[in-house]
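Let me begin by presenting the structure, written as structure tokens, before commenting on it.
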Amino acid sequence: MSEKSHTVCGVFTFKDGESKNRFIEFCNGPKGLSVTRSYDGCQSLDCYEKSDNPYSVVIWQKWESKEKQEAYIKFRHEDGSFDFLGELV
């Protein structure tokens, strides 16, 4: 593994099953995880459901660098994705 790699694990716990389903629909849609996977610096992204909580999702990401991941987070703030996520958790 390169020393420059930056790994992020995000755990999202949703208000209810409907909120989790809306998030999954977003992830599978045109503005979802396909955007993340093609964003500059994203090396890999995996999404899992937690076995101990039916309303939780884990997203595991590997980036070329912390700076590229931070640029991605800024992009997601600017495109409104975090506002949408805030409504669901």
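Nothing here was measured: the structure is a model prediction, and the numbers come from that model. Numbers here simply count residues along the sequence, with the first being 1.
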Qualifying residues under side-chain contact (heavy atoms from CB on, under 4.5 Å), relative to Gln43, sequence neighbours excluded: Ser5, Lys62, Glu64
Listed partners of Phe12 passing ring-ring contact (aromatic ring centres under 6.0 Å, His included), at least two apart: Phe23
Pairs satisfying side chain to side chain donor-acceptor pair (under 3.5 Å), at least one member in residues 80-89, at least two apart: Arg76-Ser81, Asp79-Ser81
Under the side-chain hydrogen bond (donor to acceptor under 3.5 Å, both in side chains) test, residues paired with Thr13 that sit two or more places apart: Ser56
Flag side-chain contact, heavy atom, 4.5 Å: Phe75 against Val35: yes
Those residues that, when tested against Glu67, pass salt bridge (Lys or Arg N to Asp or Glu O under 4.0 Å) (two or more places apart): none
Asp46: partners by salt bridge (Lys or Arg N to Asp or Glu O under 4.0 Å), with sequence neighbours left out: none
Distance, nearest 0.5 Å, that separates CG of Asn53 from NZ of Lys50: 6.5 Å
Pairs where residues 7-20 contributes a residue and the test salt bridge (Lys or Arg N to Asp or Glu O under 4.0 Å) is met, not counting sequence neighbours: Lys20-Glu49
Which residues share a salt bridge (Lys or Arg N to Asp or Glu O under 4.0 Å) with Asp40, sequence neighbours left out: Lys68
Counterpart residues, ring-ring contact (aromatic ring centres under 6.0 Å, His included), relative to Phe84 (two or more places apart): Phe26
Interatomic spacing from OG in Ser34 to CZ in Arg37 - rounded to 0.5 Å: 8.0 Å
Worked check of side chain to side chain contact (heavy atoms under 4.5 Å, CB included) between Cys47 and Val58: CA-CA 6 Å; Cys47 191; Val58 177; over 6 Å; no
In one Ile/Leu/Val/Met/Phe/Trp/Tyr side-chain cluster, 4.5 Å: Tyr55, Ile24: no
Side-chain heavy-atom pair Trp60, Val8 within 4.5 angstrom cut-off: no
ILVMFWY cluster, Leu88 and Ile59 together (side-chain gap under 4.5 Å): yes
From Leu45 atom CG to Cys27 atom SG, the distance as rounded to the nearest 0.5 Å: 8.5 Å
Rounded distance (nearest 0.5 Å) linking atom NZ of Lys66 with atom NZ of Lys4: 14.5 Å
By side-chain hydrogen bond (donor to acceptor under 3.5 Å, both in side chains) - contacts of Gln61 (at least two apart): Trp63
Ring centres under 6.0 angstrom apart (Tyr39, Tyr72): yes
